[in-house]
Protein chains: 2
Amino acid sequence: MTRQKPKEAALTEEDICQRVRDSVLEQRLAPGTKLTEESLCGVFGVGRTTVRRAFLLLSRDNIVELQKNKGAVIASPSPDEAQQVFEARHTVEAALLARASEAADTNDIQNLRGHLAQEKDALAKADIARWIRLTGEFHLHVAKLAGNTPMYHFLEQLVFRSSLIITLYGRHGQPVQSCTGDEHTRLVDTLERRDIVAAQEILTHHLNDIEATLRFERAAGGDDLHQIFGMARAS
Amino acid sequence: MTRQKPKEAALTEEDICQRVRDSVLEQRLAPGTKLTEESLCGVFGVGRTTVRRAFLLLSRDNIVELQKNKGAVIASPSPDEAQQVFEARHTVEAALLARASEAADTNDIQNLRGHLAQEKDALAKADIARWIRLTGEFHLHVAKLAGNTPMYHFLEQLVFRSSLIITLYGRHGQPVQSCTGDEHTRLVDTLERRDIVAAQEILTHHLNDIEATLRFERAAGGDDLHQIFGMARAS
DNA sequence: AGATACTAAATTGTTGACAATTCATCGTCA
DNA sequence: TGACGATGAATTGTCAACAATTTAGTATCT
């Protein structure tokens, strides 16, 4: 798509973080993926310094895990961490939602409906990667209306981690997020009516739905390839 | 105090962040203070690389502001940001408090009472810097009991920023935080009784008290030394 | 005096070489 | 075959020199 031309302005570490985050949100970067400095230097056409800074920032947001002398790996949240992330989302997102429903004007609602249309379009075209990203971004769009920057950034982190969690523990047969019932549309409706209680109820239900699709049984650390492929162990 | 010996194990960027954060919490580092790389290299006995990484992490937490080619400055939250920080504290800390009151066992309560004793001791000895730090850390101790790491770290950020805000906008005549009425003690009491509602009420009141001592009238950006010192401008 | 332009010092940003560590491959031996 | 160990390649960590930018100081002119 957007090909990298050699003589463009150099990408900053924020740009690289953004790219990585987007890839996580689209579930094109799976937990456990090793990110070497050299490969990212090549891909983005930047020096090692920049990549290194990006790694440091991403590790701060728990998107990559940074081990001394071992490099960067896309984080693999444990079941325990997953539970905590969703608990945090419940509280923070509920508060943001309350604020958003107070603050949202006609224009904001219209933008949200535009976003919903994009979601439907992506789903219709079976562009699953884009749809996954859009459903994640929907929550952030709503949150931004609340006008609380610290909480917004915090939720951002949580949404990215949620994406990792869903990739890890979501059942792949299911709709990747349970958003198919179009809870998003109903949420926008309640926002338009400024019905805070209903909005928070939908949100709680929505998040619980997502959590309900998770299955934590699989071995937490180190995939067992024999089990995954259903192969008996060579004795 | 703790003098730096030349042949000790090198400090990591996290150590430096911690030192800076502590200084902010003790209000020994005022907003607007310029931090040069060289000076911190000298103070901590580390290379420029490490200091640089620390700056990047601190800027991520909004403790320092990092301007291209201009270096690092202790952040000066605007009145608007201050309001958002306290709003975020209200929601996050209330949720953590609810969790903490469910989870706290006898041992936890005892540790908190120990902390209260330290606070009183520092106040009695007029060790204001230590007292300020302890009152800030109290909130974090309580929050840690909730067992939600993401929210805990988020609150940590908010507490540090609160310290900057109080330094900037707090009236210096007043008790630096309004914690003199010993709302902390009452909070521990309610935790022991697992009285979530009362605990949250005290918290809300406590945070409102702190906010109430803030005065945002002063010129937001760039101290006007003429005004501060009450000097007429030389015409 | 005040404003402007220029020079020098100080500070930050970047790059590349080198050191340290880890990882992979291969060989040896029981 | 499997375990152990050593060698070499690959990757990460560190440092110092160099480049770019900002800041401070000085001189000059109106």
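First the proteins, then the strands, lettered A, B, ... as listed; each starts at 1.
For the side-chain hydrogen bond (donor to acceptor under 3.5 Å, both in side chains) test, no residue two or more places apart in sequence or in another chain qualifies with A:T12. A:E38 pairs by the side-chain hydrogen bond (donor to acceptor under 3.5 Å, both in side chains) definition with nothing, not counting sequence neighbours. Shown here are the side-chain hydrogen bond (donor to acceptor under 3.5 Å, both in side chains) partners of A:S39, two or more places apart in sequence or in another chain: A:T36. With sequence neighbours excluded, the residues that form a side-chain hydrogen bond (donor to acceptor under 3.5 Å, both in side chains) with B:D80 are B:Q84. Listed by chain and number, the residues in a ring-ring contact (aromatic ring centres under 6.0 Å, His included) with A:H141 are A:H115 (sequence neighbours excluded). By the ring-ring contact (aromatic ring centres under 6.0 Å, His included) test, A:F160 is found to be paired with no residue, residues two or more places apart in sequence or in another chain being considered. Listed by chain and number, the residues in a side chain to side chain contact (heavy atoms under 4.5 Å, CB included) with B:A129 are B:E26, B:D127 (sequence neighbours excluded).
For residues 135-160 of chain A, the set of pairs meeting the salt bridge (Lys or Arg N to Asp or Glu O under 4.0 Å) definition, not counting sequence neighbours, comprises A:R133-A:E137.
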Quick test: give all pairs of protein nitrogen or oxygen and nucleotides 6-8 of chain D nitrogen or oxygen below 3.5 Å, distance rounded to 0.1 Å.
none

Protein and nucleotides 19-21 of chain D: nitrogen or oxygen contacts under 3.5 angstrom:
from	atom 1	to	atom 2	distance (Å)
D:dT21	O3'	B:N69	ND2	3.4

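Put simply, CZ on A:R48 is 11 Å from P on C:dG16, counting in whole angstrom units. In this structure, CD of B:E38 is placed 16 Å from P of C:dA9, rounded to the nearest angstrom. Atom CG in A:L35 sits roughly 13 Å away from atom P in D:dT11 (whole-Å rounding). Taking atom CD on B:E37 and atom C1' on D:dA16, their separation rounds to 14 Å, with Å as the unit. Taking atom CG of residue A:L66 and atom C1' of nucleotide D:dT12, one finds them 10 Å apart after rounding to whole Å.
If you check residues 53-64 of chain B against DNA chain D, the residues with a heavy atom closer than 4.0 Å are B:R53, listed by number.
Side-chain N/O atoms of B:K34 include none lying less than 4.0 angstrom from OP1 or OP2 on C:dT11. For the pair A:R52 and D:dG13, the criterion of a side-chain N or O lying under 4.0 Å from OP1 or OP2 is met.
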Which pairs of donor and acceptor atoms, one on a side chain in residues 63-71 of chain B, lie under 3.5 Å apart (sequence neighbours left out)?
none

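If you check every strand for non-hydrogen atoms under 4.0 Å, A:T36 touches sugar and phosphate atoms only.
The pair A:D121-A:K125 meets the salt-bridge criterion, with a side-chain N (NZ, NE, NH1 or NH2) lying under 4.0 Å from an Asp/Glu carboxylate O.
There is no side-chain donor-acceptor pair under 3.5 Å between B:E14 and B:Q18.
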